[in-house]
Number of protein chains: 2
Amino acid sequence: MKQPSSARAATPEPQRKSDITRQAILDSAARAFRLSGYSGARLSDIAAGAGMQAGSLYYHFDSREALVEALMDRGVEQTEAAVRAAIAALPAPASARDRLRAAIETHLLMIVQQEDIASATIKLIWQVPQPIRERALGRQRAYGALWRKLLADARDAGEIRSDLDLSVVRMSIMGALNWAADWYKPGKMTPEAIAADIVAMTLEGLRGPCKGEG
Amino acid sequence: MKQPSSARAATPEPQRKSDITRQAILDSAARAFRLSGYSGARLSDIAAGAGMQAGSLYYHFDSREALVEALMDRGVEQTEAAVRAAIAALPAPASARDRLRAAIETHLLMIVQQEDIASATIKLIWQVPQPIRERALGRQRAYGALWRKLLADARDAGEIRSDLDLSVVRMSIMGALNWAADWYKPGKMTPEAIAADIVAMTLEGLRGPCKGEG
DNA sequence: GTCTATAGTCTGATAGAC
DNA sequence: GTCTATCAGACTATAGAC
């Protein structure tokens, strides 16, 4: 769901005016970058979205690059925090399957609800200057480690056939989830319903469960 | 400098010098746009990749926008043609499952082999100016119709459980395939092996086939 | 068909007033 | 903290030589 206020330690609640403004800038930047790409988004667009002039951005960020890096930082940070929180919030005996399901649902929700920042982060990775990209990829890898563990556990529990390459499985799931940023439109299906279908086809296959289970 | 029009349906073999150069420009543009985004790729980069100066591009294309649109045209065109060809080439009694499998394999091959043009097309859609995007989305929808039919046939044949939304299924498959453009690196696994895993997890589920079948 | 040169535009970033 | 004003640099697109 939304941010479980507890596990949100990484993203402090905006309190000082400076923090509020900074947050507004990042929100505006996420939207602008997502829609126009890294080079296509003008600082004046970003500033306008935050209700200020372009020059004023430099009080909060040293440069365009510093801004985009702060944005991408927050993107992975928020997503990983939400996924970990969702897993931690599962009732006591959570199977590998339960944890994987929770991760899939939560990641998708972050993509389509916190639409701009999560999906902007993903798209920006291949557009930003190389040094920024390197660091961003490093953070993405750290998040990927969480998924590697989830999938390894699921395989050990017999939920994943042993002949599949787990990297391919992982990237396919991420692709299916991240792709939703490009086609999801509020109104038709709820994010929860979409997540349910992706979970079903991922965990049980297109044909459906073979035996009885949840 | 637009295409002469008529029988350009299937990427004619470059014959005249003009065609060869045009092809080189499109190849270079695909790589540049894929790596830097629509606004980030400079015409001088594209020209350099084609072995010429920036100003010379204008003999072949009227503008930056005309160039990117020609590129995106070719991207979907090539992919759809390849998928249709693969399906048509299947041995006589091709089941819905066989056709779907062929489509998945071929689409992935187009993404990771013809790497630049297919994946550039996908990424560019949300970065180009709106009129170009509208037309590109129209062409994508036409290609999507092919997949809708494949999936509808598969469901009618009992290969897909009836409680899944076919749009979600379709977009999840496309996401898993298109995502490979971002992580595939030649050398580790062959594209064929990756395709095989994606086909397996898509058609049979992560847990594996329930009963005996191919 | 391609080159060189340049006109014209846009934008990231800085400086100083308030 | 934000604004206005501005500069320096980069880029698209054009024009004319070859």
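The structure displayed is predicted, hence computed values, not measured ones. Proteins come first, then strands; the chains are lettered A, B, ... in the order of their sequence lines, and each starts at number 1.
For the segment residues 34-41 of chain B, the set of residues with a heavy atom within less than 4.0 Å of an atom of DNA chain C is empty.
Within the 3.5 Å criterion, the main-chain N or O of B:Ala24 finds no donor-acceptor partner in the side chain of B:Ser28. Between the side chain of B:Arg99 and the backbone N or O of B:Ala94 there is at least one donor-acceptor pair closer than 3.5 Å.
Rounded to an integer number of Å, the gap from CG of B:Asp62 to P of D:dT12 is 16 Å. As rounded to whole Å, 12 Å separates atom P of C:dG12 from atom CD of A:Glu65. Between the CZ atom of B:Arg64 and the P atom of D:dT12 there is a distance of 5 Å, rounded to whole Å. Going from atom OH of A:Tyr58 over to atom C1' of D:dT4 covers 15 Å, rounded to whole Å. The interatomic distance linking A:Asp45 (CG) with C:dT11 (C1') rounds to 11 Å, in whole Å.
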Solution key, residues 39-50 of chain A side-chain donor-acceptor pairs under 3.5 Å, sequence neighbours excluded:
unit_1  : atom_1 : unit_2  : atom_2 : d
A:Arg42 : NE     : A:Gly40 : O      : 3.3
A:Arg42 : NH1    : A:Ser39 : O      : 3.0
A:Asp45 : OD2    : A:Arg42 : N      : 3.2

Donor-acceptor list for residues 163-171 of chain B side chains, cut-off 3.5 Å, not counting sequence neighbours:
unit_1   : atom_1 : unit_2   : atom_2 : d
B:Asp163 : OD1    : B:Arg161 : NE     : 2.9
B:Asp163 : OD2    : B:Arg161 : NH2    : 3.0
B:Asp165 : OD1    : B:Ser167 : N      : 2.8
B:Asp165 : OD1    : B:Val168 : N      : 3.1

Grab the N/O contacts between the protein and nucleotides 16-18 of chain D below 3.5 Å, and write none if there aren't any.
none

Polar-atom pairs under 3.5 Å, protein N or O versus N or O of nucleotides 6-10 of chain C: list them with distances, or write none.
none

Give every pair of a protein N or O atom and an N or O atom of nucleotides 2-4 of chain C that lie under 3.5 Å apart, one pair per line with the distance.
unit_1 : atom_1 : unit_2  : atom_2 : d
C:dT2  : OP1    : B:Thr21 : OG1    : 3.4
C:dT2  : OP2    : B:His60 : NE2    : 2.6
C:dC3  : OP2    : B:Gln53 : N      : 2.7
C:dC3  : OP2    : B:Ser56 : OG     : 2.6

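Between the side chains of B:Gln23 and B:Asp27, at least one donor N or O sits under 3.5 Å from an acceptor N or O.
Listed by first and then second residue, the ring pair (Phe, Tyr, Trp, His ring centres under 6.0 Å) pairs that reach into residues 21-59 of chain A are A:Phe33-A:Tyr38, sequence neighbours excluded.
Residues that satisfy the side chain to side chain contact (heavy atoms under 4.5 Å, CB included) test with B:Leu109, not counting sequence neighbours, are B:Gln113, B:Pro191, B:Glu192. Not counting sequence neighbours, the partners of A:Glu159 by the side chain to side chain contact (heavy atoms under 4.5 Å, CB included) test are A:Arg97, A:Ala154, A:Ala157, B:Arg207. Take A:Asp73 and apply the side chain to side chain contact (heavy atoms under 4.5 Å, CB included) test, not counting sequence neighbours, and it matches A:Arg139. Under the rule for a salt bridge (charged side-chain N to carboxylate O under 4.0 Å, His left out), A:Arg148 has no partner lying at least two apart in sequence or in another chain. With sequence neighbours left out, A:Arg135 forms a salt bridge (charged side-chain N to carboxylate O under 4.0 Å, His left out) with A:Glu69.
Side-chain contact between A:Trp126 and B:Arg34: absent, with no pair of heavy atoms (C-beta onward) separated by less than 4.5 Å.
Here A:Ser18 reaches the OP1 or OP2 of D:dG1: one of its side-chain N or O atoms lies under 4.0 Å away.
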> Hey, mind stepping through A:Val128 and A:Glu65 against side chain to side chain contact (heavy atoms under 4.5 Å, CB included) and telling me if it holds?
Replying inline: CA-CA 8 Å; A:Val128 294; A:Glu65 302 185 358; over 6 Å; no

